[in-house]
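Chain identifiers are assigned alphabetically (A, B, ...) following the order of the sequence lines, protein sequences preceding nucleic acid strands; residue numbering begins at 1 within each chain. Every heavy atom of this structure was used, including side-chain atoms; hydrogens, water molecules and symmetry mates were not.
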Amino acid sequence: MSVTLQLPAVLAKLADGQRSLEVQGSTLGDVVADVAARFPGLAPRLRDAAGKPYPFVTFYVNDDDARLQGGFAASVRDGDEIIVVPAIAGG
Amino acid sequence: MTTSVAPPLALRPRPQVCRACGALHAPAPIAVCEQCLGPLDPVFDAERVTPTRDAIAARPWSLWRYREWLPFDGEPVLSLDTGGTPLVEAPRLAARLGVARVWVKNDAVSHPSLSFKDRVVATAINAAAAFGLDTIGCASTGNLANAVAAQAARAGLKAWIFIPEDLETAKIVGTAVYGARLVRVRGHYDDVNRLCAQVADLFGWGIVNVNLRGYYGEGSKTFAFEIAEQLGWRLPTAVVAPMAGGSLVTKLRKGFREFAAAGLVSGGAPRIFGAQASGCAPIVQLVRENADVLTPVVPQTIARSIAIGNPADGLFAKSAILESGGWAAAVSDAELVAGIRLLAEEAGIFTETAGGVTVAAALALAAEGRFSPDDEVVLCITGNGLKTIDAVASVLPVAPLIAPRVAEVRALVKAAES
């Protein structure tokens, strides 16, 4: 099963310059673990030392905020797109 | 895609530092730390010469009179006449709140687009110019869209503006009229915001509240600076402000503290009180539970200008409020409409829904006993009621229609007096 992970430019540098990665996993946490194993430099940018998400980094699964779907426990399916966005806000 | 234009030589944005990990970044149109993805804030030269009260007072009445506390070296080149809005005393509101005095800081009449967002765009557009960007943009709930469109038009910059699909007509018209590229996005503001984060990353534009955010946010401090100066170089004891992304309350606290540190003002730091609509109150929840993790919500309120369910400055806003000794309150849509009417009837100021939230929250906080009889309170009114007339139109009395006869007027006067 294959899921696409889209990285912002600031993180793509740590993934050999790739903005889009094909990743594996049935939950968001699995996907993050897969990416972390393949790109160790990226690992500490996506999750803290305890394996928890940072408050400044938001994951979207098919355009929906993963925090509203269980966070790292959110399920992902074949063909899903995950977007990583540094948290920002305006008005 | 964007092209670069020759930047003004005299204006240089300040470097930025990560609020989370402290890493220093050279001046650039970036708002996210390369080390930890935390937010960046401009850093100031601690050795810079700051002006005296008299020197500030001798300058033109705009937000640039406080330029030593804004994130640039050199002279600004754009939007030189924004800021300088009235501070209006409202004694009948003071009586309602049971406090000594109340003032309304009235950015409903801000130049050029009738909201406090003119302040943050004034600083962001100067950063864009300094970086040589020819296109600016924003994700907006309306007021920011108006401010970006107006100031970009005047500066001769291109503007791409992204808004939720259901915004009020006045805010859509008040953006499109300036010739901006206006794009409606299906979904809530948080969807628009996420899209703009990707757009800023891919297109290289200056999205004012995304990759220019550090320079943008500092403009909010001028709201606090003006309050202090207009009160005669002293601070109020309490301030009530609306919260959307949560930035304003943090910048109010920062602004008051910077003026105190500079020896410009007397009085202790004001207690900061935050206001949200109960249909979108994630920061109020953070404050009241003193929680460490923000729980995003899907907004359900007519206060669209502050309907941000995923406020990235939420945790910082909570800290600013609690550290100041303040508190936060949420109010229903019916209460905010009543707040709009109360401000209009008691202070002669017509505000939009966010202002109604602020007034209604002040009443709720007073009812909770959060104010004392000797408090001096400033209500931060950030937007104009003419932009959200639908919110109140249906609850106002219908004007009687009469023939042009004095007898009919007499009958109305008699009915009004009875």
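- Listed for the A/Arg45 side chain is no donor-acceptor partner under 3.5 Å among the backbone atoms of B/Cys36.
- In the displayed structure, B/Glu165 atom CD is contacted under 6.0 Å by more than 12 heavy atoms of other residues, nucleotides or ligands.
- Residue B/Gln35 touches chain A through both its backbone and its side chain, counting heavy-atom pairs closer than 4.5 Å.
- Annotation: ring-ring contact (aromatic ring centres under 6.0 Å, His included) contacts of B/Phe116 (sequence neighbours excluded): none.
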For the pair B/Leu37 and A/Leu11, evaluate side chain to side chain contact (heavy atoms under 4.5 Å, CB included) and give the outcome as yes or no after the intermediate values.
-> CA-CA 9 Å; B/Leu37 302 190; A/Leu11 292 182; 3.9 Å; yes
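- At a 4.5 Å heavy-atom cutoff, A/Leu14 makes no contact with chain B through either its backbone or its side chain.
- Considering only heavy-atom pairs separated by less than 4.5 Å from chain B, the leading option among A/Asp63, A/Val10, A/Asp64 is A/Asp63.
- The number of heavy-atom neighbours closer than 6.0 Å to CZ of B/Arg184, taken from other residues, nucleotides and ligands shown, is 12 or below.
- Put simply, the side chain of B/Arg194 reaches to within 4.5 Å of the side chain of A/Ile83, judged on heavy atoms.
- Residue B/Leu315 touches chain A through its side chain alone, counting heavy-atom pairs closer than 4.5 Å.
- When all heavy atoms of B/Val32 and A/Pro86 are compared, the closest pair comes out as CG2-CB, 3.5 Å.
- Both the backbone and the side chain of B/Asp201 come within contact range of chain A, judged by heavy atoms closer than 4.5 Å.
- Note that the OH atom of A/Tyr60 and the CG atom of B/Leu195 stand 10.5 Å from one another [nearest 0.5 Å].
- The NZ atom of A/Lys13 lies 3.5 Å from the CD atom of B/Glu34; values are rounded to the nearest 0.5 Å.
- Within the 4.5 angstrom heavy-atom criterion, no atom of B/Cys138 approaches chain A.
- Take A/Glu81 and apply the salt bridge (Lys or Arg N to Asp or Glu O under 4.0 Å) test, not counting sequence neighbours, and it matches no residue.
- Tested against A/Arg67, the residues B/Thr295, B/Val293, B/Asn310 include a single side-chain contact (heavy atoms from CB on, under 4.5 Å) partner, B/Asn310.
- For A/Asp65, the part lying near chain B is the side chain, with the backbone staying farther off; criterion is any non-hydrogen pair under 4.5 Å.
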